[in-house]
Amino acid sequence: MSRATGNTRLKAARVAAGYNSQQALADAITKTASRLGIRGLAVGVRQVRRWESRTPPWPHPDIRRVLTHLLGQSMEELGFAPPWGAEDTPVAPAGQMATAGTRGGTRLATVPSQTPLVSQPASIGRDFETVTRSHRHMYWSVAPATLHPAILEHARLGCSLLPETADPGRCVLAAALAESYLLAGRIEFFDLQQPEQASETLLHALQAAGEADDPLLGSAILAHAAFIPGWAGNRNGAVERMAAARTYARRGTASAEFWAWLDAVEAECETRCGDTRAALHLILHAEDTLAAGSEHTTPEWMDWFSAVRLAAFKGNTQLKAGHIPQARTTLLHVLDGLPPESDKQRSVVLGDLAGVEAADGNPQQACHYALRALDQLAITPYATGMDRVRDVRRSLAPWQNEQCVRDLDDRLYDWGTTVNALQR
């Protein structure tokens, strides 16, 4: 597979910000310039096309100000290089200080887009990929706060190696780097509940996927990016990212399982935004897609989805839609069908079953499932699962004086659980 050409950094940042076409970015620059009080600045699609070429021209200061404001990165991070002797200093994104991108002393490395020096052996890509694969396996058992720094350091190493590696090893290395950043972004969003950091990390993942010219990886990253506005109730933001994710998937050889997962992601975003009818329609389409199958295989790195996981999406949506008997039936089948390594998902399903019983006026059974979820969370901490339990506890307010709810409170607010929650 040939490596993507042109300024992939700017293109990745554009798509990640929700501007799915060069024209959309051009229009946004013109409108934002007017809003910022910059008069007479108009940008056309031809200008954006030149910026996304292999040798992008250095924009004038007003455009640099608007670009960094819209895309949240410095000009260097967007793939631009100032001309020799330029008196202007690079413009940082609005509100971004010199230490932007730091996280408690750890800075996200910038994904290189050029290869000035080749010194690494051809095997370096596979060697790096081996560690990435190990991190992916560890995710299901190692505490997220422990694993996350190791993944970021591994990604930093990948960014250092990329300029020193020639194709085809460079393509393998870039793809593995994208996987590492994707895994870090997943942990930040689902496990650590840090959506802003996840957004930044997923942008780096998209840039690396662009260097690898891997459309399926790009699609997966964009779909994960859709969760961020989706969970915040921003439907338009989620829809834009899902449209980009589906566009990238069409460029690759997406399997039936991959297409079904895209439907499931969009369904969860629709559920979070309050449209359970649209969500259930998407899940039905995903079920049909899985039943039809396809000749393409699912990428090895896509280890977070299956027919059982799709059913878990469905059960949660049925619960939110008020279809209580159907949700109970679906979620019980999911609980029976989850493989042993799906402990994180198990805590979520138990939390949803607790929610079903609370919605049906069965506080004792709701507390039973909630306690089972806490048992699982004590073994495999997962912020998303803990959120389910907290949601259930809020729904049990009418029965808060009953012994079963008091027992749940004793467990939910014991020393270990409370300290872990504050450390998250």
Between [X] and [Y], which heavy-atom pair has the shortest distance, and what is it?
X: L319; Y: D352; result: CD2-O, 3.7 Å
X: A354; Y: V392; result: CB-CG2, 3.7 Å
X: A254; Y: A249; result: CB-O, 3.9 Å
X: A321; Y: L280; result: CB-CD1, 4.4 Å
X: A184; Y: T201; result: CB-CG2, 3.9 Å
X: T30; Y: V43; result: OG1-N, 3.1 Å

Checking [X] side chain against [Y] main chain: does a donor-acceptor pair fall under 3.5 Å?
X: R241; Y: G237; answer: yes
X: S199; Y: P195; answer: no
X: S219; Y: P215; answer: no
X: H281; Y: R277; answer: no
X: R272; Y: P229; answer: no
X: E188; Y: A198; answer: yes
X: S347; Y: A373; answer: no
X: S294; Y: A256; answer: yes
X: T384; Y: F190; answer: yes
X: R309; Y: W304; answer: yes

Decide, yes or no, whether a salt bridge links [X] with [Y] under the criterion of side-chain N to carboxylate O below 4.0 Å.
X: R346; Y: D343; result: yes
X: D214; Y: R251; result: no
X: D391; Y: R394; result: yes

In Å and rounded to the nearest 0.5 Å, what is the [atom1] to [atom2] distance from [X] to [Y]?
X: L177; Y: E211; atom1: CG; atom2: CD; result: 9.5 Å
X: T329; Y: K314; atom1: OG1; atom2: NZ; result: 10.5 Å
X: S180; Y: E129; atom1: OG; atom2: CD; result: 10.0 Å
X: E270; Y: K320; atom1: CD; atom2: NZ; result: 13.5 Å
X: I151; Y: I187; atom1: CD1; atom2: CD1; result: 3.5 Å
X: T247; Y: M242; atom1: OG1; atom2: CE; result: 10.0 Å

Under 4.5 Å between any side-chain heavy atoms of [X] and [Y], yes or no?
X: L374; Y: L408; answer: yes
X: W259; Y: R250; answer: yes
X: D288; Y: L284; answer: yes
X: R246; Y: D263; answer: yes
X: K344; Y: P144; answer: yes
X: L203; Y: Q73; answer: yes
X: L412; Y: M386; answer: yes
X: L338; Y: V334; answer: yes

Pair D191-Y139, side-chain donor/acceptor within less than 3.5 Å: yes

R9 and L71: CA distance, side-chain angles, deciding distance, side chain to side chain contact (heavy atoms under 4.5 Å, CB included) verdict: CA-CA 11 Å; R9 293 189 199 176; L71 304 182; over 6 Å; no

Trace of the side chain to side chain contact (heavy atoms under 4.5 Å, CB included) decision for N316 with R388: CA-CA 10 Å; N316 177 257; R388 294 290 211 272; 3.4 Å; yes

Name of the residue among R133, R186, R136 meeting salt bridge (charged side-chain N to carboxylate O under 4.0 Å, His left out) with E179: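 Single salt bridge (charged side-chain N to carboxylate O under 4.0 Å, His left out) partner of E179 among R133, R186, R136: R136.
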
Parallel, tilted or perpendicular, as decided by the 30° and 60° cut-offs, for the rings of F189 and F227: parallel

Test log, rule side-chain hydrogen bond (donor to acceptor under 3.5 Å, both in side chains), inputs N236 and E240: CA-CA 6 Å; N236 289 337; E240 288 174 350; over 6 Å; no

H285 and L282: CA distance, side-chain angles, deciding distance, side chain to side chain contact (heavy atoms under 4.5 Å, CB included) verdict: CA-CA 5 Å; H285 185 266; L282 283 161; 5.6 Å; no

Steps toward side chain to side chain contact (heavy atoms under 4.5 Å, CB included) verdict (W51, F80): CA-CA 8 Å; W51 293 337; F80 293 93; 3.7 Å; yes

Output field: ring centroids H135/W301 closer than 6.0 Å: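 Not under 6.0 Å, so no.
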
